[in-house]
Trainee: 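What follows is a single structure, and I will ask about it in a moment.
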Amino acid sequence: MTDHHVHIGQFNEIYYDALELFELIEKLSTKTGVTEIRYSSTSSCRDDAELLRVEEEIEYALNFESDVLTARPYLWFIPRYAEQGISVESAAGAFDYCGIKLHPAGQNWNEENPKHERALRGIFEWADKNEKSVLVHCGPQKCDLPTRFERFFAEYKRARVILAHSNPVKETAEMLNKYQNVFSDTACISKEDLKLLREKATDSSKILFGSDFPVSHYFATHIFGKTHTLEEEYISNAKTQLPSL
């Protein structure tokens, strides 16, 4: 099974080392059934984010070797790169990325800005041409509703779109049912919302496992006051989102 939503790098005041996280997930694979992860660097959220710095993190993460767990990177493309004149094609060519991540709430994507619009279209064009994924952060705000980039879902049918967090459920289910190439993940979803999504989705196999690890641990311990370890958090995510556990 694949965990489609893992992070490495700087998140607020904590730095998450890729190899340490991968080794932990590898150790837990017999309990969770996770044999592949797809990850991106939260260092892309820094105010001073630079592509070169993020590429160094990805290069380091690619040193991970395992007979149990496969780790594949996402390119987290941000408006700052577009404004610097960095093309999607050139950035995506640096490594064998499994796809590209978009975070409309975390970064201010503005389709009225020609550079932003060109980059957004370039992301879906690249994914379509290479039959790769686009992982789109979704939420209840207008800027990150699952329907925001619908025009691209319809046009680029070979791009595999994953609506991260499946939030809100209603709009997520609409996109799952309308487009064959649209999927969603379970990152940070509640048991109640996951049950509702499965009921509303015509094909529940399009709901993919995603943990949002270790960001989920950061929020659990720093915001909600829990005291569990990284290992306990990953197991907790799996139990919440995988009925078989």
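Numbering starts at 1 and runs along the sequence shown.
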Trainee: Can you find a side-chain donor-acceptor pair between Asp17 and Tyr60 that sits under 3.5 Å?
Mentor: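 Looking only at side-chain atoms, Tyr60 and Asp17 do form a donor-acceptor pair, the distance falling under 3.5 Å.
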Trainee: Among Thr172, Asp203, Thr202, which residue satisfies the side chain to side chain contact (heavy atoms under 4.5 Å, CB included) criterion with Asn177?
Mentor: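 Exactly one option meets the side chain to side chain contact (heavy atoms under 4.5 Å, CB included) with Asn177, and it is Thr202.
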Trainee: Between Lys27 and Glu231, is the salt bridge (Lys or Arg N to Asp or Glu O under 4.0 Å) condition met? List the steps.
Mentor: CA-CA 9 Å; Lys27 184 179 75 171; Glu231 180 174 333; 3.0 Å; yes
Trainee: Of all residues at least two apart in sequence or in a different chain, which pass the side-chain hydrogen bond (donor to acceptor under 3.5 Å, both in side chains) check with Arg148?
Mentor: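 For Arg148, the residues satisfying side-chain hydrogen bond (donor to acceptor under 3.5 Å, both in side chains) (neighbours in sequence not counted) are Glu111.
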Trainee: Do you know which two heavy atoms are closest between Met175 and Pro146, and how far apart they sit?
Mentor: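 Taking every non-hydrogen atom into account, CG-O, 3.9 Å.
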Trainee: Should Tyr97 and Tyr81 be regarded as members of a common hydrophobic cluster, given that ILVMFWY residues are connected when their side-chain heavy atoms come within less than 4.5 Å of each other, either directly or indirectly?
Mentor: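 Yes, because Tyr97 and Tyr81 connect within a single hydrophobic cluster, where side-chain heavy atoms sit under 4.5 Å apart.
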Trainee: Quiz question: by atom type and distance under 3.5 Å, do the side chains of Glu174 and Thr147 form a donor-acceptor pair?
Mentor: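 No, no side-chain donor-acceptor pair sits under 3.5 Å.
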Trainee: Just checking Glu59: does its CD atom have more than 12 heavy atoms from other residues, nucleotides or ligands closer to it than 6.0 angstrom?
Mentor: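 For Glu59, atom CD is not crowded (no more than 12 foreign heavy atoms under 6.0 Å).
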Trainee: Of the options Tyr16, Tyr234, Phe213, Phe64, which is the one that meets Phe22 in a ring pair (Phe, Tyr, Trp, His ring centres under 6.0 Å)?
Mentor: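 Looking at Tyr16, Tyr234, Phe213, Phe64, the match for Phe22 under the ring pair (Phe, Tyr, Trp, His ring centres under 6.0 Å) is Phe64.
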Trainee: With side chain to side chain contact (heavy atoms under 4.5 Å, CB included) as the test, pick out the partner of Phe77 among Leu51, Leu120, Ile123.
Mentor: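 With Phe77 as partner, side chain to side chain contact (heavy atoms under 4.5 Å, CB included) holds for just one option, Ile123.
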Trainee: Look at Glu155 together with Arg121 and state whether they make a salt bridge at an N to O cut-off of under 4.0 Å.
Mentor: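 Salt bridge between Glu155 and Arg121, a charged N being under 4.0 Å from a carboxylate O: yes.
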Trainee: Please identify each residue that fulfils side-chain hydrogen bond (donor to acceptor under 3.5 Å, both in side chains) with Gln107, with sequence neighbours left out.
Mentor: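 Trp76.
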Trainee: Can you get from Val215 to Leu75 by hopping between Ile, Leu, Val, Met, Phe, Trp and Tyr side chains that sit under 4.5 Å apart?
Mentor: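 As far as the 4.5 Å side-chain criterion goes, Leu75 and Val215 are connected within one cluster.
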Trainee: Please lay out, stage by stage, how Asp96 and Lys132 fare under the test salt bridge (Lys or Arg N to Asp or Glu O under 4.0 Å).
Mentor: CA-CA 10 Å; Asp96 183 20; Lys132 301 273 190 172; 3.2 Å; yes
Trainee: Salt-bridged, Lys226 to Glu232, with N to O below 4.0 Å?
Mentor: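 Here Lys226 does not pair with Glu232 in a salt bridge, since their nearest N and O are not under 4.0 Å apart.
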Trainee: Using 0.5 Å steps for rounding, measure from the CG atom of Leu194 to the OG1 atom of Thr186.
Mentor: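 Rounded to the nearest 0.5 Å, the CG-OG1 separation comes to 6.5 Å.
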Trainee: Ignoring hydrogens and angles, state whether a donor on the side chain of His4 or Asp185 is under 3.5 Å from an acceptor on the partner side chain.
Mentor: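 Looking only at side-chain atoms, Asp185 and His4 do not form any donor-acceptor pair under 3.5 Å.
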Trainee: Could you state the interatomic distance from CG (Leu176) to CG (Leu197), rounded to the nearest 0.5 Å?
Mentor: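 Separation between the atoms: 6.0 Å.
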Trainee: Examine Ile14 and Phe224 and state if one hydrophobic cluster contains both, with Ile, Leu, Val, Met, Phe, Trp and Tyr joined whenever side-chain heavy atoms are less than 4.5 Å apart.
Mentor: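 Hydrophobic grouping puts Ile14 with Phe224.
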Trainee: Strictly by modelled atom types, are Ser87 and Ser90 linked by a side-chain donor-acceptor pair under 3.5 Å?
Mentor: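 A donor-acceptor contact under 3.5 Å links the two side chains.
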Trainee: Assigning hydrophobic clusters by single linkage (Ile, Leu, Val, Met, Phe, Trp, Tyr; side-chain heavy-atom cutoff under 4.5 Å), is Val88 placed with Phe152?
Mentor: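 Hydrophobic grouping puts Val88 with Phe152.
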Trainee: Angle class for the Phe124/Phe153 ring planes (parallel below 30°, perpendicular above 60°, tilted otherwise)?
Mentor: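 Ring orientation of Phe124 relative to Phe153: tilted.
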Trainee: Is the His222 ring parallel, tilted or perpendicular to the Tyr218 ring (thresholds 30°, 60°)?
Mentor: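 The rings of His222 and Tyr218 lie parallel, inter-plane angle below 30°.
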Trainee: Tell me whether the count of non-hydrogen atoms from other residues, nucleotides or ligands lying under 6.0 Å of CD in Glu65 goes above 12.
Mentor: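 Open: at most 12 neighbouring heavy atoms sit under 6.0 Å from CD of Glu65.
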